[in-house]
Amino acid sequence: MQNFSTPLDVLGRRAEHSHGSRPSGADVRRQATTSTIDSTRVQALLDAATGTADAVLSAQSTSLDGLVDEAVGARRLRYGANELDHDRPAPVVVQFARAFVNPFIAILVFLAVVMVFTDVVFADPAGGRDYTGVVTVGAMVLVSAILRFWQEYRSGRAAENLKAMVRTTAAVTRNRRGVAVTEELPVEHLVPGDIVRLAAGDMIPADVRLIAVNDLQINQAMLTGEALPAEKTAEQVVEVTAADLLDAPNLAFMGTSVVSGSGTAVVLGTGRNSYFGSMSKAIVGERPETAFDVGIKKVSYTLIQFMLVMVPVVFVINGLTKDWTTAFLFGVTTAVGLTPEMLPLIVTANLAKGANFMARRKVIVKRLGSIQNVGAMDVLATDKTGTLTEDRIVLERHIDVTANDSDDPLWYAAVNAHFQTGLRNLLDDAVLDSAGSRIVRRIEREYTLVDEIPFDFERRRLSVVVDDGLSHLIVTKGAVEELLDRCVAERRDGTELPLTVQRRTELDDLVAEQNALGMRVLAVAVRSVVAERGDHPEGGLTENEYTKDDEASMTLVGFLLFLDPPKDSAAAAITSLRLRGVAVKVITGDNPMVAATVCRKVGVDARRVVSGAEIDDLSLKELAELAERTSVFAKVNPTQKARIVEAMRTRGHTVGFLGDGINDAPALRTADVGISVDTAVDIAKESADIILLEKDLTVLESGVIEGRRTFVNTMKYIKMTASSNFGNMFSVLVASALLPFIPMIPIVVLVQNLAYDLAMLTLPWDRADSEDLARPRKWESRGLGRFMVRIGPLSSIFDITTYALMWFVFAANSPVHAALFQSGWFVESIISQTLIVHLLRTGRVPFVQSRAGLPVVLATAAVCVFGLVLPFTGFGQGLGLVPLPWSYFPWLIVTLVGYCVVTQVAKRMFVRRYGAWI
């Protein structure tokens with residue numbers, strides 16, 4: 001029986017911290033649940049567990065035919081939608097208030113308060129009160145907060161809309177005008193009293209009381225921490241307490257999942273009234289940070305550390321040489337200029353823009369942060385069926401044990417497929433399509449279902465037990481190797497003969513020959529069980545209960561040969577991914593020879609195929625080394641899939657996993673980025689970070705490119721801002737030490753900073769050079785450090801030349817002419833800082849080999865024009881600036897050209913040495 005080694009949480013990934021000596025995971029979770037669930041909820045569940053199925057149906061005022069529409073409407077009004085409170089975004093007012101909770105905005109607010117006292121409350125009576133600084137800083141705070149709120153609000157709405165495109169459904173039975181109708185409905189529509197049908201791969205949509213089961217096993221790891229699936233029953237429980245409520249065998253809880261079997265249940269609690277809904281706030285923590293998140297935080301902390309060092313130094317130097325009040329204001333504004341206050345906003349804007357772009361290309365992002373991981377992905381592990389193949393299974397042939405065409409295997413396979421109630425797959429559909437409606441009607445006339453032994457990933461087979469009026473017939477279909485192990489005879493030419501060792505070898509060769517042709521082969525076997533006649537109401541046989549132990553001493557009837565042809569687009573997509581630095585590895589539960597045949601046709605190296613049995617005894621390190629040189633893993637179970645993914649991650653790879661089945665859920669959770677499709681089973685969709693609306697590697701390839709584009713455009717702002725601020729640090733220190741007045745008016749520093757940051761908000765719409773998208777993009781902090789140290793100080797060189805220009809050429813060398821000096825440096829500083837964006841955004845020659853996106857061009861041009869004209873306007877003069885002489889501007893052009901040339905040369909040297917720019 002399959003074990004899920006990773007907790008499955010409908011709320012997405014969560015960080016589970018474990019420090020020191022602690023109780024087991026199961027004990028911790030049980031303690032958490034018993035302390036957070038209200039007593040009324042517990043008692044209701046206890047009553048349901050200890051009552052009979054009929055009593056529970058009566059208590060819920062429902063029946064097996066389901067609720068009528070009027071009752072559904074009334075209960076929805078009473079209980080609300082079946083969803084958890086924390087899944088809803090915070091109210092708009094709360095989101096707006098949060099936009100002001102930012103350390104950089106706190107600095108601005110502090111500066112505004114200081115200006116209120118210095119410029120208004122204690123203003124010089126001779127000069128009068130001056131509200132310019134207070135109004136300007138207040139406007140900066142408001143603009144920054146509004147922009148952050150609006151972008152995050154839009155991003156949140158976009159994310160919710162994208163997630164709404166991927167709906168989880170449940171099979172619900174309702175009473176439609178006296179007729180019981182079962183249909184797939186969104187889980188949000190469920191109400192207490194609804195009748196739900198459960199099958200393998202389903203998420204349990206609410207708290208339920210089981211009223212009929214068939215070998216039902218449920219994974220409750222996300223609640224109990226126990227990896228082993230729990231076997232369930234519909235019988236009432238005599239004794240159960242609040243402490244062991246989760247162990248009640250006739251209850252199932254919201255958020256858990258069906259591993260195997262099937263069942264029928266009545267809904268007891270939905271949404272906040274469910275067991276999980278009551279405890280969700282206690283068990284859900286923050287998501288683990290990605291390397292990119294950590295890197296951004298590290299950059300912010302580094303720049304804040306610079307600020308904490310710079311503010312006291314600048315304050316003391318200017319205080320000793322000028323007046324202390326002005327020095328204080330300049331120190332604080334310098335701190336603002338050195339901090340990337342728009343960084344969270346630009347990151348969010350990049351992610352939201354990337355998510356919307358990917359949605360238009362049929363890639364739905366459930367978690368915005370996963371876009372970065374898609375761009376960093378250098379290994380894509382994928383299942384074979386439906387991804388590399390057409391997902392269009394055709395039953396090509398049905399043969400007997402001598403490889404001759406025969407209808408017997410088809411007949412028994414159709415019996416198996418028709419009566420099984422679990423997770424029906426494409427193979428079952430292909431069998432029934434091949435059999436046709438005439439054979440299906442005949443099967444319904446000749447047999448009645450007695451029992452079912454559901455499929456699981458250990459046995460890799462499924463059995464139904466039918467009554468033919470004379471005996472019970474066990475009909476099994478499944479993987480050849482596993483089923484042959486349960487057979488002792490074969491049916492040849494209508495006669496049952498012992499299955500000898502020699503014949504087993506011959507049959508293995510027959511199957512291998514078909515696998516080599518690309519056929520997927522299933523075996524079909526039967527066993528007749530003589531059952532005594534009992535008191536069956538229709539005079540039939542006693543309804544015995546069957547288990548997997550009854551799949552023994554069987555007779556092999558023949559084989560089913562299925563063809564799932566490779567997709568025409570698969571080979572090209574794999575080649576393209578490989579050229580972009582993404583290695584494709586196939587991890588499948590299918591036969592090794594079939595997997596190898598398909599992989600060779602689509603261009604995956606299948607010279608060596610490793611089976612699941614070969615990796616069981618390997619350590620994680622050994623498995624990681626094996627995975628480095630292996631592209632195809634076949635006949636692996638779900639736990640082995642997850643282990644292979646984890647092994648590759650230990651080697652430093654960023655691993656994506658693409659799967660759509662219940663057997664893929666552990667690997668989806670283990671991967672750096674889990675990828676599924678909208679037609680996947682519920683548990684796979686819930687486990688995934690990204691959903692493809694089309695199961696095609698070509699669609700995923702466009703997602704990879706956009707993930708890298710998002711990463712690159714975010715890194716542009718980080719590198720530009722970090723290097724610029726690093727350079728400004730030296731410029732301010734030199735100016736503070738050498739000048740008898742402050743080099744720039746505090747309020748003007750803030751205006752310049754705001755104008756630059758507003759222009760940078762267009763970076764998410766910038767183009768990215770092809771070489772920047774060619775390889776996986778991972779956060780690498782050393783590269784940022786090198787960039788800051790080598791590129792940042794270049795701006796200081798030209799700042800200092802501007803100081804010299806204003807001091808010696810324009811004689812702005814005394815406090816009387818401070819405004820002229822400050823105006824000259826302001827114009828040079830804002831234009832050079834903005835113009836240099838075009839050089840720093842690309843490793844190529846700007847404007848010639850690489851042009852910025854139109855929004856970036858327009859925004860940077862607007863800031864440059866703003867910087868040029870501000871000293872000539874009334875607003876600029878109100879800030880303390882003065883018009884510059886026309887003779888200044890030729891010098892400005894020389895300075896800017898020199899800066900661009902030096903930066904371009906430094907860039908070439910940097911790329912030549914380190915091999916990359918952004």
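Computed from a prediction, not measured in an experiment: that's the story for all the values here.
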S.K.: Measuring only between side-chain heavy atoms, which start at C-beta, is I453 closer than 4.5 Å to R459?
M.R.: yes

S.K.: Starting at CG of D451, measure out to CG of L449 and round the result to the nearest 0.5 Å.
M.R.: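 Nearest 0.5 Å value for the CG-CG distance: 7.0 Å.
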
S.K.: Looking at E235, I'd like to know if its CD atom is crowded, meaning that more than 12 non-hydrogen atoms belonging to other residues, nucleotides or ligands lie closer than 6.0 Å.
M.R.: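 For E235, atom CD is not crowded (no more than 12 foreign heavy atoms under 6.0 Å).
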
S.K.: So, taking the atom named CG in N175 and the one named CG in L64, what distance separates them when rounded to the nearest 0.5 Å?
M.R.: 11.5 Å

S.K.: Which is it for V191 and T270 under the side-chain contact (heavy atoms from CB on, under 4.5 Å) test, yes or no, and what are the steps along the way?
M.R.: CA-CA 6 Å; V191 297; T270 59; 5.5 Å; no

S.K.: For Y546 and H472, does a side-chain donor sit closer than 3.5 Å to a side-chain acceptor?
M.R.: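 Result is yes, a qualifying pair exists.
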
S.K.: Would you find a donor on one side and an acceptor on the other, under 3.5 Å apart, between the side chain of K232 and the backbone of A248?
M.R.: yes

S.K.: Are the side chains of V440 and L432 in contact, using a 4.5 Å heavy-atom criterion?
M.R.: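 The answer is yes; the side chains approach within 4.5 Å.
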
S.K.: When you look at D428 and K477, which way does the side-chain contact (heavy atoms from CB on, under 4.5 Å) test go after all the steps?
M.R.: CA-CA 10 Å; D428 297 310; K477 76 174 189 301; 2.6 Å; yes

S.K.: Taking D467 for its side chain and G469 for its backbone only, find out whether a donor-acceptor pair lies under 3.5 Å.
M.R.: yes

S.K.: Looking at N637, is its backbone amide N or carbonyl O close enough to the side chain of Q640 to form a donor-acceptor pair, meaning the two atoms are under 3.5 Å apart?
M.R.: yes

S.K.: Tell me the salt bridge (Lys or Arg N to Asp or Glu O under 4.0 Å) pairs involving residues 56-73, sequence neighbours left out?
M.R.: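 Counting only pairs at least two positions apart or across chains, the salt bridge (Lys or Arg N to Asp or Glu O under 4.0 Å) contacts touching residues 56-73 are D69-R176.
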
S.K.: Do side-chain atoms of D660 reach the backbone of S676 as a donor and acceptor pair under 3.5 angstrom?
M.R.: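 The answer is no, because no donor-acceptor pair under 3.5 Å joins these two groups.
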
S.K.: Would you say R174's side chain and V72's backbone share a donor-acceptor pair under 3.5 angstrom?
M.R.: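 Pair absent, no side-chain N/O of R174 close to backbone of V72.
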
S.K.: Spell out, as yes or no, whether a donor-acceptor pair under 3.5 Å connects the side chain of N82 to the backbone of V187.
M.R.: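 The answer is yes, because a donor-acceptor pair under 3.5 Å joins these two groups.
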
S.K.: Give the minimum heavy-atom separation between T476 and S463, together with the two atoms involved.
M.R.: OG1-OG, 2.5 Å

S.K.: Look only at the side chain of D550 and the backbone of T547, and say whether a donor-acceptor pair between them is shorter than 3.5 Å.
M.R.: yes

S.K.: Could you state the interatomic distance from CG (L185) to OG1 (T169), rounded to the nearest 0.5 Å?
M.R.: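 So the CG of L185 and the OG1 of T169 are separated by 8.0 Å.
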
S.K.: Rounded to the nearest 0.5 Å, what separation is found between the CD1 atom of I393 and the OG atom of S434?
M.R.: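 With rounding to 0.5 Å, CD1 (I393) is 13.5 Å from OG (S434).
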
S.K.: Is the shortest heavy-atom distance from the side chain of T639 to the side chain of P666 under 4.5 Å?
M.R.: no

S.K.: Testing the basics here: between A265 and L198, what is the closest heavy-atom pair and its distance to 0.1 Å?
M.R.: CB-CD1, 4.4 Å

S.K.: Do the side chains of L427 and L522 get nearer than 4.5 Å, heavy atoms only?
M.R.: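 Yes, at least one pair of side-chain atoms sits under 4.5 Å.
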
S.K.: With side-chain contact (heavy atoms from CB on, under 4.5 Å) as the test, pick out the partner of T256 among L246, I218, N219.
M.R.: I218

S.K.: Are side-chain N/O atoms of T173 and R197 paired as donor and acceptor at under 3.5 Å?
M.R.: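 Short answer, yes.
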
S.K.: Which atom pair, heavy atoms only, marks the closest approach of D194 to L190?
M.R.: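 Nearest heavy atoms, D194 then L190: OD2-CA, 3.5 Å.
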
S.K.: So, using side chain to side chain donor-acceptor pair (under 3.5 Å) as the criterion, who are the partners of R76 when residues are at least two apart?
M.R.: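 Checked R76 against side chain to side chain donor-acceptor pair (under 3.5 Å); zero matches.
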
S.K.: State, with a plain yes or no, whether a side-chain heavy atom of V431 is found less than 4.5 Å away from one of F562.
M.R.: yes

S.K.: State whether the side chain of N416 and the backbone N or O of V475 hold a donor-acceptor pair below 3.5 Å, judged by distance alone.
M.R.: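 Answer holds: yes.
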
S.K.: Minimum heavy-atom separation for V365 and S370, please, with both atom names.
M.R.: CG1-OG, 3.7 Å

S.K.: G66 and T62: which non-hydrogen atoms are nearest, and at how many Å?
M.R.: C-OG1, 3.9 Å

S.K.: If you take all heavy atoms of A199 and V258, which pair is closest and at what distance?
M.R.: O-CB, 3.3 Å

S.K.: Going by the rule side chain to side chain donor-acceptor pair (under 3.5 Å), which residues pair with D207 if we only count those two or more places apart in sequence or in a different chain?
M.R.: none

S.K.: Have a look at V363 and tell me which of I675, L693, V699 forms a side-chain contact (heavy atoms from CB on, under 4.5 Å) with it.
M.R.: V699

S.K.: Would you please test D664 and F657 for side-chain contact (heavy atoms from CB on, under 4.5 Å) and show each step?
M.R.: CA-CA 9 Å; D664 296 319; F657 185 86; 3.7 Å; yes

S.K.: Find the distance between CD (Q236) and OG1 (T233) and round it off to the nearest 0.5 Å.
M.R.: 10.5 Å

S.K.: Would you check, one step at a time, whether the test side-chain contact (heavy atoms from CB on, under 4.5 Å) holds for N250 with R209?
M.R.: CA-CA 6 Å; N250 56 4; R209 164 63 156 89; 3.4 Å; yes

S.K.: With side chains defined as the heavy atoms from C-beta onward, is the minimum distance between V56 and V266 less than 4.5 Å?
M.R.: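 Yes - at least one pair of side-chain heavy atoms lies under 4.5 Å apart.
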
S.K.: So how far is it from L268 CG to Q60 CD, rounded to the nearest 0.5 Å?
M.R.: 5.5 Å

S.K.: Decide if atom CD of E231 counts as having more than 12 heavy atoms of other residues, nucleotides or ligands within a radius under 6.0 Å.
M.R.: no

